[in-house]
Peer 1: 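Supplied in structure tokens, the structure appears directly below.
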Amino acid sequence: MIKKGFSYIGIYFLYGLALLPLPILYGFSNVIYYILYYITGYRRKVVRENLQNSFPEKNSKEIIAIEKNYYSYLCDLIVEIIKMPVISKKELTKRYKFTNLNQIEEHLQKGESVIACSAHYGNWEWGMLAFGLNLTEKKYVIYKPLNNKVFDNWFYNIRSRFGNSPVPMKQTLRTVAASRKTTSVFCFASDQTPVKDPTNHWLTFLHQPTTVFSGAEKIAVQTNRPVFYLKVKVLKRGYYEVDCIRIIAHAKEAKEHEITKAQFKILEDNINATPQYWLWSHRRWKHKPEIN
């Protein structure tokens with residue numbers, strides 16, 4: 001009960017912060033950056049190791065520059081997520097633009113359900129909210145539930161504000177089956193680390209053997225859905241643009257792992273161009289391939 005009480009206090013505090021204008025929250029972001037990077041060193045060892053392994057061609061000065069830019073953006077991301085409970089449709093539409101969204105709409109208008117894949121690049125939380133605003137058909141967003149039930153319920157309500165239906169990862173197949181007669185879009189964040197399993201698919205990503213989720217591809221092939229990748233570009237502080245890239249129109253025509261490889265190739269190119277906007281503090285490479 002004590003833990004639950006503190007969770008509610010935390011939510012009320014965050015909601016109070018959310019009522020502040022974004023320029024003020026970005027001012028807090030500058031302070032948080034100094035605390036995270038210079039005082040606490042939050043996960044700096046993980047970030048440094050990830051960057052060094054991902055960019056072996058870069059010297060230490062270049063790595064540190066990316067590292068600092070990452071922490072600066074991470075703090076912006078934190079305050080932007082805090083803003084989510086109260087951000088208006090008008091404000092979100094102004095700050096998150098989509099290109100080639102008409103290609104997704106064309107499939108939906110023909111009654112064809114769509115698979116949309118993204119990554120933890122840029123503000124993926126705002127991205128899913130804005131995606132919900134821009135499409136009229138049913139939208140399911142696959143997510144990993146938080147361990148704290150109070151905060152998990154809070155985030156569930158926030159994520160469903162503008163028409164999305166959040167779906168816990170373990171309920172994905174059940175939801176796909178239940179919605180098979182409804183035209184819909186299923187959204188996946190494909191760059192999460194799967195549970196270690198001998199059957200996992202591995203590929204080379206950022207110069208490293210990387211185990212990846214292939215669930216989105218399997219569902220797409222089984223249901224013959226078109227697959228899109230939502231490529232995020234950060235225009236400036238608090239402003240984003242998403243290019244809806246069609247990977248394949250008929251998934252059954254794809255070779256094995258072709259769709260998954262295409263997703264990670266787009267993400268890798270995006271990271272190489274502007275690396276500071278990916279989630280480097282995540283232990284992405286905690287699993288290693290087994291050597292026979």
Side-chain angles (χ1 to χ4, degrees), residues 89-90 92-143 159-160 162-167 172 175-176 179-191 212-235 239-274 277-278:
K89 292 181 180 180
K90 182 179 179 181
L92 188 60
T93 301
K94 180 179 75 173
R95 291 176 174 275
Y96 231 104
K97 303 290 186 181
F98 290 83
T99 60
N100 297 316
L101 194 65
N102 62 301
Q103 294 186 20
I104 295 179
E105 280 286 7
E106 288 172 4
H107 286 287
L108 297 175
Q109 292 301 316
K110 291 187 290 186
E112 298 174 357
S113 292
V114 171
I115 299 288
C117 301
S118 64
H120 292 89
Y121 185 96
N123 190 333
W124 62 89
E125 294 285 0
W126 276 16
M128 286 298 99
L129 276 185
F131 196 60
L133 275 174
N134 280 274
L135 292 174
T136 55
E137 301 295 342
K138 188 75 173 179
K139 297 159 291 284
Y140 298 98
V141 179
I142 310 305
Y143 76 99
R159 288 164 170 161
S160 57
F162 299 144
N164 292 331
S165 296
V167 177
T172 302
T175 306
V176 170
S179 64
R180 65 186 183 280
K181 295 182 180 180
T182 305
T183 305
S184 61
V185 182
F186 273 79
C187 305
F188 294 83
S190 300
D191 61 336
V212 297
F213 276 113
S214 55
E217 175 177 323
K218 291 176 181 177
I219 291 171
V221 171
Q222 289 170 2
T223 57
N224 199 28
R225 301 186 184 200
V227 180
F228 284 80
Y229 186 87
L230 308 181
K231 181 182 178 182
V232 178
K233 181 179 181 181
V234 182
L235 302 177
Y239 288 85
Y240 303 85
E241 183 179 80
V242 178
D243 187 8
C244 304
I245 301 172
R246 182 162 50 201
I247 293 176
I248 195 165
H250 304 286
K252 283 188 176 180
E253 298 174 358
K255 298 178 182 178
E256 188 177 14
H257 305 309
E258 178 184 350
I259 294 171
T260 301
K261 289 177 181 177
Q263 295 172 44
F264 276 86
K265 179 62 169 65
I266 297 171
L267 175 58
E268 186 174 56
D269 290 344
N270 214 13
I271 292 171
N272 283 326
T274 45
Y277 302 122
W278 195 51

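In this text the structure is predicted, and so the values were computed from the model without any measurement.
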Peer 1: Roughly how far, to the nearest 0.5 Å, is the CZ atom of F228 from the SG atom of C117?
Peer 2: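 The distance works out to 11.0 Å.
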
Peer 1: Side-chain donor-acceptor contacts of residues 125-138 below 3.5 Å, not counting sequence neighbours, with atom names and distances?
Peer 2:
from	atom 1	to	atom 2	distance (Å)
E125	OE1	R159	NE	3.2
E125	OE2	R159	NE	3.4
E125	OE2	R159	NH2	2.7
W126	NE1	E80	O	3.0
N134	ND2	A130	O	2.7
K138	NZ	S165	OG	3.1

Peer 1: Do any side-chain atoms of residues 246-257 form donor-acceptor pairs under 3.5 angstrom with protein atoms, and if so which ones, sequence neighbours left out?
Peer 2:
from	atom 1	to	atom 2	distance (Å)
R246	NH1	H107	NE2	2.9
H257	NE2	H201	ND1	3.4

Peer 1: Which heavy atom of A216 sits nearest to which heavy atom of I115, and what is that distance?
Peer 2: CB-CG2, 4.3 Å

Peer 1: Sorted by first residue and then second, give each salt bridge (charged side-chain N to carboxylate O under 4.0 Å, His left out) pair with at least one member in residues 96-117; sequence neighbours left out.
Peer 2: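 As it turns out, there is no salt bridge (charged side-chain N to carboxylate O under 4.0 Å, His left out) pair with a partner in residues 96-117 once direct neighbours are skipped.
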
Peer 1: Quick check: closest heavy atoms across L108 and S184, and the distance to 0.1 Å?
Peer 2: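 Looks like CD2-O, 3.9 Å.
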
Peer 1: For Y240 and N123, run side-chain contact (heavy atoms from CB on, under 4.5 Å): C-alpha distance rounded to whole Å, both residues' side-chain angles, the deciding distance at 0.1 Å, then the answer.
Peer 2: CA-CA 8 Å; Y240 303 85; N123 190 333; 3.5 Å; yes

Peer 1: Rounded to the nearest 0.5 Å, what's the gap from OG on S118 to CG on L267? Could you check?
Peer 2: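 Answer for the OG-CG pair, S118 versus L267, is 9.5 Å.
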
Peer 1: Does the side chain of T99 come within less than 4.5 Å of E241's, by heavy atoms?
Peer 2: yes

Peer 1: Strictly distance-based, threshold 3.5 Å: is any side-chain N or O of S113 a donor or acceptor partner for the main-chain N or O of R225?
Peer 2: no

Peer 1: Is the shortest heavy-atom distance from the side chain of V232 to the side chain of W124 under 4.5 Å?
Peer 2: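 No, side chains not in contact.
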
Peer 1: About how many Å separate CD1 of I271 and CD1 of I266, when rounded to the nearest 0.5 Å?
Peer 2: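 These two atoms lie 12.0 Å from each other.
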
Peer 1: Let me see the working for I104 and F98 under side-chain contact (heavy atoms from CB on, under 4.5 Å), right down to the final yes or no.
Peer 2: CA-CA 11 Å; I104 295 179; F98 290 83; over 6 Å; no

Peer 1: Hey, does N270 have a side-chain heavy atom less than 4.5 Å from the side chain of W278?
Peer 2: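 In short, these two side chains do not touch, never coming nearer than 4.5 Å.
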
Peer 1: Identify the two heavy atoms, one from V185 and one from A116, that lie closest to each other, and give their separation to 0.1 Å.
Peer 2: CG1-CB, 4.0 Å

Peer 1: Side-chain donor-acceptor pair under 3.5 Å between T274 and Y121, yes or no?
Peer 2: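 Yes, side-chain donor-acceptor contact under 3.5 Å.
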
Peer 1: Test D243 against N100 for side-chain contact (heavy atoms from CB on, under 4.5 Å), laying out the working first.
Peer 2: CA-CA 6 Å; D243 187 8; N100 297 316; 2.7 Å; yes

Peer 1: Evaluate the side-chain proximity of V176 to F186: yes if any heavy-atom separation is below 4.5 Å, no if none is.
Peer 2: yes

Peer 1: How close do N164 and P166 get, heavy atom to heavy atom, and via which atoms?
Peer 2: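 Shortest heavy-atom separation between N164 and P166 comes out as O-CD, 3.5 Å.
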
Peer 1: Kindly give the heavy-atom pair with the smallest separation between C244 and L230, and that separation in Å.
Peer 2: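 Residues C244 and L230, closest heavy atoms: SG-CD2, 3.9 Å.
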
Peer 1: Grab the two heavy atoms, one from F264 and one from S190, that are nearest each other, plus how far apart they are.
Peer 2: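 For F264 versus S190, the nearest heavy atoms are CZ-O, 3.3 Å.
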
